[in-house]
Amino acid sequence: LMFRQRLSPDAVMLFDFGDTAPRAFWMKTPLIPLDMLFIAANGRIVDIHERAVPLSEDIIPSRVPSRAVLELNGGTVARLGIKIGDTVHDTRFGNAGN
């Protein structure tokens, strides 16, 4: 989402690292606030960071290791009531049909 000035309301970007490890992101280039969902190998959300500040070099770490990070428009987590323990369904997590 580098240098984007807007993102469609339901658009996302998924970073799948393929292994489970501590993850950290920063917001050096995004121009809009983002919510970040840190996701385990089974698709379960294990950590959430809401409304990351655009153009910030502050490190945003996961509190627990994760396999993937899903970035959403800032405020989406609150709008949809997403919480730790919810599941992201996708073929990458082996749960697309669940």
Side-chain angles (χ1 to χ4, degrees):
L1 298 176
M2 297 184 298
F3 304 108
R4 284 190 181 242
Q5 295 181 9
R6 64 184 143 274
L7 184 64
S8 298
D10 293 320
V12 301
M13 179 172 277
L14 178 66
F15 298 90
D16 180 6
F17 298 97
D19 66 335
T20 299
R23 304 290 174 207
F25 277 66
W26 65 354
M27 294 284 292
K28 184 176 180 177
T29 59
L31 302 174
I32 57 175
L34 298 172
D35 291 346
M36 296 178 189
L37 307 179
F38 295 87
I39 306 166
N42 64 358
R44 191 171 72 83
I45 298 170
V46 294
D47 199 6
I48 296 174
H49 183 86
E50 294 184 64
R51 297 180 190 270
V53 177
L55 304 174
S56 172
E57 292 186 22
D58 292 344
I59 301 300
I60 301 167
S62 61
R63 288 177 270 193
V64 296
S66 62
R67 172 183 167 160
V69 176
L70 187 69
E71 292 183 342
L72 315 141
N73 272 307
T76 301
V77 165
R79 178 173 57 88
L80 298 179
I82 298 169
K83 59 191 177 309
I84 292 174
D86 287 349
T87 301
V88 175
H89 296 274
D90 189 274
T91 56
R92 292 168 188 89
F93 308 123
N95 64 8
N98 299 345

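Atom set for the values below is all heavy atoms of this structure, side chains included, hydrogens, waters and symmetry mates excluded.
- When all heavy atoms of H49 and I60 are compared, the closest pair comes out as CG-CG2, 3.5 Å.
- Taking all atoms of both residues into account, the shortest heavy-atom contact from P54 to P33 is CG-N, 3.4 Å.
- A distance-only check finds no donor-acceptor pair linking the side chain of N73 to the backbone of D10 [under 3.5 Å].
- Scanning all heavy atoms of the two residues, the minimum distance from T20 to A41 falls at OG1-CB, 4.1 Å.
- Linking Ile, Leu, Val, Met, Phe, Trp and Tyr whenever their side-chain heavy atoms come within less than 4.5 Å puts V88 and L14 in one cluster.
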Original post:
What do the steps show when you test I84 against I48 for side chain to side chain contact (heavy atoms under 4.5 Å, CB included), and what is the final call?
Top reply: CA-CA 7 Å; I84 292 174; I48 296 174; 4.1 Å; yes

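- Enclosure of atom CZ in R63 is not indicated, since only 12 or fewer non-hydrogen atoms of other residues, nucleotides or ligands lie within 6.0 angstrom.
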Original post:
Does the pair R51 and D35 meet the rule for a side chain to side chain contact (heavy atoms under 4.5 Å, CB included), with working shown?
Top reply: CA-CA 5 Å; R51 297 180 190 270; D35 291 346; 3.9 Å; yes

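- In this structure, L70 CG and T76 OG1 are separated by 9.5 Å, a value rounded to the nearest 0.5 Å.
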**OP:** Could you walk me through whether F93 and N42 pass the side chain to side chain contact (heavy atoms under 4.5 Å, CB included) test, one step at a time?
**Re:** CA-CA 5 Å; F93 308 123; N42 64 358; 6.0 Å; no

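- Of the inter-residue distances, the one linking I82 atom CD1 with E50 atom CD reads 9.0 Å to the nearest 0.5 angstrom.
- Side chain of R23 to main chain of F17: no donor-acceptor pair is present (N/O by atom type, distance under 3.5 Å, no hydrogens or angles).
- Of all the heavy atoms in M36 and V69, the pair that sits closest is CB-CG1, 4.2 Å.
- Remark: of the listed residues L55, L34, V53, L34 is the sole one forming a side chain to side chain contact (heavy atoms under 4.5 Å, CB included) with M27.
- Summarising the geometry of K83 relative to D86, their closest heavy-atom pair is N-OD2, 2.9 Å, with the distance given to 0.1 Å.
- With V46 as the fixed residue, the side chain to side chain contact (heavy atoms under 4.5 Å, CB included) test singles out one of L37, V64, I39: V64.
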